Amino acid sequence: MTYALIDANNFYVSAERIFRPSLEGIPVVVLSNNDGCCVARSNEAKALGIKMADPWFKVKHFNESHGLVGLSANFELYGDISDRIASITAGYGHRQEIYSIDESFIDLTGIRGDLVERGFKLRSRILQWVGVPCCIGIGETKTLAKLANHIAKTSERKPGSYPRNLAQVCNLSTLSPEEKEYLFARTEVNDIWGIGRQISQQLQALNVKTVQDFMRLSSSLVRAHWGVVVERTHRELHGTSCITLDEAPAPRQEIACTRSFGRPVTDLDTLREAISTFATTAAQKIRKQGSYTTRLMVFIRTSPFRKHDEQYSRAITIPLRRPTADTHYIAQAALAGLSQIYLKGYNYAKAGVHLLELQSTATSQGELDLDNDPQDRTTLMTAMDTLNDRYGKGTIGIASAGIRKGTWHMKQERRTPAYTTRWEDMPIVRA
DNA sequence: TCTGGGGTCCTAGGACCC
DNA sequence: TCTGGGGTCCTAGGACCC
């Protein structure tokens, strides 16, 4: 097999730069909800030592010292840009898996010709048509394609880390065993797709520091220590394809809406409003997917970062009497759950609603649904979704869900002027 | 003062059944 | 006194991903 991974560089930052060329060459971060954490960093921001998920208040001093710019995220825009890139990328091979908002795997098996040259052409096409720089990694398995992509990106960003000719597009599948050994010995074990913080710490303790060290472990030892998932990763690094390309991912098995609050929340009324809103959003999401939920989970928690606060974290799952996608029903169930877990006297920092056990029909398994459920209501809900899609979120809602605006505070003012250009207004350059 | 929001899969352990 | 064993289902928690 031969796979490619095409990955946009610093995607959210690159997407913002399309419309604001003045952001080019300066340190930029894109911030999460409440402008809380850095979720994307430009190369210049990475060079300042800013890490993924660093809180804004800890890095904003770079604003005065180095001109760091913090932008509130604009996920609708990123979704549009992502679709554009994915449709161009699809032409690179016969099959595509859209893996995340900024990544696609492409099956290149059996494609003749110089894959690196084709990769560079694809890359410049995306840059020219959309304006986002990408890197491409190619390998015999998805894990190796990921690793190749890491090498392509790192050798561009940190000259000298790897041979220069591997920058931007890196094909591991045509390298000799010696060349690969050389690269794997210079790559840290935690850069492997599937090896996260915990496992890489355990590996370090066993003096396994590089990809090469890890590959030299026996499969059986890897399996015994870390289970079948990590063993699969180990096999993939050795060139045995275990993770298949998934062109049409199954519908989501669970859908959630959770938020951190802009400031601590203590009273039940405010929490009820928040939970109603989350339930409403989550219900919209499952209707969009055409699913019904049969169980939901509500949670509330204090902030683990406020060390002097008394900590409290609880979740409850509520079985539903029948599969449903009805906002009102879901919100009521969520509120009933909330009332069971709420305790007075804590500073709540985060809450959420998860809809679980999603299924594609409104009928319980093996049961004829004679209940008065509510084709009518579903139709009403769908009409509501259409209006909200067309005229903006929150145009219309369910009064009984208890949604009132402005009491619980989530989104602060944007730190930079609101971004107004819509995708349709964007200049399109054709080659 | 201020610390994201989604998802997936696997495993261990308890309850229950025969 | 001696107190089975295997299968299934469920849940919680832990690990990973972006």
Side-chain angles (χ1 to χ4, degrees), chain A residues 5 7-8 10-12 29-41 50-61 70 72-73 75 78-79 82 97-105 142-143 146 149-150 189-203 223-233 242-243 246 249-264 278 281-282 285-286 289 294-295 297 299 301-309 313-319 347 349-358 409-413 415:
Chain A
L5 179 73
D7 184 331
N10 316 327
F11 180 54
Y12 299 161
V29 293
V30 172
L31 302 168
S32 63
N33 175 48
N34 290 322
D35 293 336
C37 286
C38 303
V39 291
R41 306 154 292 152
I50 298 173
K51 300 274 179 279
M52 187 65 172
D54 271 356
W56 170 245
F57 72 87
K58 280 192 181 166
V59 302
K60 68 179 174 193
H61 64 90
S72 301
F75 291 106
Y78 310 150
S82 170
E97 172 185 346
I98 297 170
Y99 178 67
S100 76
I101 193 161
D102 69 332
E103 289 169 83
S104 282
F105 284 104
K142 287 168 83 174
T143 304
K146 269 276 194 186
N149 187 280
H150 169 80
V189 74
N190 59 303
D191 291 324
I192 299 169
W193 186 43
I195 305 294
R197 226 182 58 237
Q198 300 298 323
I199 293 171
S200 71
Q201 258 176 29
Q202 294 161 21
L203 287 165
R223 181 174 190 147
H225 270 72
W226 299 285
V228 293
V229 178
V230 178
E231 189 202 8
R232 199 150 56 209
T233 296
C242 308
I243 306 172
D246 199 358
R252 299 250 170 268
Q253 299 173 37
E254 48 183 87
I255 281 176
C257 181
T258 72
R259 289 289 180 280
S260 296
F261 303 127
R263 59 178 76 115
F278 301 157
T281 303
K285 288 193 201 173
I286 63 167
Q289 173 177 296
T294 56
R295 219 158 51 105
M297 189 265 275
F299 75 89
R301 57 173 301 173
T302 54
S303 168
F305 299 107
R306 293 167 67 109
K307 302 278 186 222
H308 302 300
D309 276 16
S313 171
R314 242 197 107 184
I316 187 170
T317 68
I318 313 270
N347 286 319
K350 186 171 180 175
V353 174
H354 287 246
L355 304 184
L356 311 168
E357 282 171 21
L358 302 185
H409 179 93
M410 239 173 48
K411 199 79 181 169
Q412 293 168 2
E413 273 175 43
R415 292 184 189 280

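First the proteins, then the strands, lettered A, B, ... as listed; each starts at 1. This is a predicted model, so every value here is computed, not measured. Worth knowing before you read on, the calculation uses all heavy atoms, side chains too, and leaves out hydrogens, waters and symmetry mates.
Between A:Lys350 and B:dT3, a side-chain N or O to OP1/OP2 separation shorter than 4.0 Å is absent. Checking the phosphate oxygens (OP1, OP2) of B:dC9, no side-chain nitrogen or oxygen of A:Arg232 falls inside 4.0 Å. A sub-4.0 Å separation between OP1 or OP2 of B:dT1 and a side-chain N or O of A:Arg306 is absent. Between A:Ser260 and B:dG5 there is a side-chain polar atom (N or O) within less than 4.0 angstrom of OP1 or OP2.
If A:Thr258 and A:Phe305 are placed on DNA chain B by their nearest nucleotide, the residue sitting closer to the 5' end is A:Phe305. When each of A:Pro55 and A:Val228 is assigned the nucleotide of DNA chain B with its nearest heavy atom, A:Pro55 is the one assigned upstream, toward the 5' end.
Inter-residue side-chain proximity for A:Lys142 and A:Glu97 is flagged as met; some heavy-atom pair is nearer than 4.5 Å. For the pair A:Ile192 and A:His150, the minimum side-chain heavy-atom distance is 4.5 Å or more.
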Between A:Phe105 and A:Ile243, is a side-chain contact (heavy atoms from CB on, under 4.5 Å) present by the stated rule, with each step listed?
CA-CA 12 Å; A:Phe105 284 104; A:Ile243 306 172; over 6 Å; no
Could you go through A:Glu103 and A:Phe11, starting from their C-alpha distance and side-chain angles, then the distance that decides it, and tell me whether this counts as side-chain contact (heavy atoms from CB on, under 4.5 Å)?
CA-CA 10 Å; A:Glu103 289 169 83; A:Phe11 180 54; over 6 Å; no
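Looking at A:Thr143, its side chain never comes within 3.5 Å of a backbone N or O of A:Thr233 through a donor-acceptor pair. A side-chain donor-acceptor contact under 3.5 Å links A:Ser32 to the backbone of A:Cys37. In this structure a side-chain-to-backbone donor-acceptor pair under 3.5 Å is present from A:Lys285 to A:Ala256.
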Dot-bracket for DNA chain B, please. Rules: Watson-Crick or G-U, both distances under 3.5 Å, ( ) within the strand, [ ] when a pair crosses earlier ones, | for another strand, . otherwise.
....||||||||||||||
Each nucleotide in nucleotides 13-18 of chain C should get exactly one letter: B, S or -. Can you fill that in based on protein heavy atoms under 4.0 Å?
--SSSS
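With sequence neighbours excluded, no residue forms a salt bridge (charged side-chain N to carboxylate O under 4.0 Å, His left out) with A:Arg252.
As judged by a 4.0 angstrom heavy-atom cut-off over every strand, A:Cys38 is placed among residues making no nucleic acid contact. Using a 4.0 Å heavy-atom distance criterion, A:Lys51 is classed as making no nucleic acid contact.
Note: NE2 (A:His308) to P (B:dT3) measures 15 Å, nearest angstrom.
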